[in-house]
Amino acid sequence: MNMQLGESMEDYLEAILVLSKCLDHVRSVDVASYLGFSKPSVSHAVKLLSEQGLIVLDVSKFLTLSEEGKRIAEETYARHTFFSEMLQNIGVPKNIATEDACRIEHVISQETFEAIKKYYQNNKD
């Protein structure tokens, strides 16, 4: 299942992943607060992601990533962290690097990301 998710859907998955590392249970309200989105927007996204089988919403309204949802979230997060750190390493201020990394992570293919990462790691010193 390799569907084209929109930028905001990837952001939701990534947010659930990040929040699940520091919270026992992730709820829609946590995602709304983390992303600065309205609760109705998050509810709509949760419904769509659930229908696509990327997250599971249990009876207590806790959000869990499915295997596929977790894979997508981890890829997005890896791209985000890499680009954020790389941009800071070349002198971009942290706040700008973080914002730019957030945009880059959604438009770059996995193949291009892997090639840039490999090139950067081989030429770092």
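Note that these values count all heavy atoms, side chains included, but never hydrogens, waters or copies made by symmetry.
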To the closest 0.5 Å, what do you measure between [atom1] ([X]) and [atom2] ([Y])?
{"X": "S84", "Y": "I96", "atom1": "OG", "atom2": "CD1", "answer": "11.5 Å"}
{"X": "E14", "Y": "L19", "atom1": "CD", "atom2": "CG", "answer": "10.5 Å"}
{"X": "M9", "Y": "L48", "atom1": "CE", "atom2": "CG", "answer": "4.5 Å"}
{"X": "D11", "Y": "L35", "atom1": "CG", "atom2": "CG", "answer": "6.0 Å"}
{"X": "I116", "Y": "I104", "atom1": "CD1", "atom2": "CD1", "answer": "8.0 Å"}
{"X": "S20", "Y": "K70", "atom1": "OG", "atom2": "NZ", "answer": "7.0 Å"}

Give the cluster check for [X] versus [Y]: same hydrophobic cluster or not, with ILVMFWY residues linked at side-chain heavy-atom distances below 4.5 Å.
{"X": "I108", "Y": "I90", "result": "yes"}
{"X": "L57", "Y": "V29", "result": "no"}
{"X": "L23", "Y": "L13", "result": "yes"}

Test item: [X] side-chain N/O and [Y] main-chain N/O as donor-acceptor pair under 3.5 Å:
{"X": "D30", "Y": "V26", "answer": "no"}
{"X": "S43", "Y": "K39", "answer": "yes"}
{"X": "S28", "Y": "V42", "answer": "no"}
{"X": "E114", "Y": "Q110", "answer": "no"}

Which atoms form the tightest heavy-atom contact between [X] and [Y], and what is the distance?
{"X": "Y120", "Y": "M86", "result": "CE1-CG, 3.4 Å"}
{"X": "E105", "Y": "E10", "result": "O-OE1, 4.4 Å"}
{"X": "A101", "Y": "L87", "result": "N-CD1, 4.2 Å"}
{"X": "A15", "Y": "Y34", "result": "CB-CD2, 3.5 Å"}
{"X": "S66", "Y": "G53", "result": "OG-O, 2.7 Å"}
{"X": "L63", "Y": "R27", "result": "CD1-C, 3.9 Å"}

Exercise. Which word best sums up how the rings of F113 and F83 line up, parallel for under 30°, tilted for 30 to 60°, or perpendicular for over 60°?
Worked result: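 Tilted: the ring planes of F113 and F83 meet at 30° to 60°.
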Exercise. Could you go step by step and tell me if T98 and H80 meet the side chain to side chain contact (heavy atoms under 4.5 Å, CB included) rule?
Worked result: CA-CA 8 Å; T98 302; H80 177 90; 4.1 Å; yes
Problem set entry | Derivation and outcome, side chain to side chain contact (heavy atoms under 4.5 Å, CB included), residues Y12 and I55 | CA-CA 10 Å; Y12 284 110; I55 63 170; over 6 Å; no
For this session: Evaluate the criterion side chain to side chain contact (heavy atoms under 4.5 Å, CB included) for residue pair V31 and F37; output intermediate values, then yes/no.
Result: CA-CA 8 Å; V31 175; F37 294 166; over 6 Å; no
Exercise. Should E75 and R71 count as an ion pair when the cut-off is N to O under 4.0 Å?
Worked result: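 Counted as a salt bridge, because a side-chain N and a carboxylate O are separated by less than 4.0 Å.
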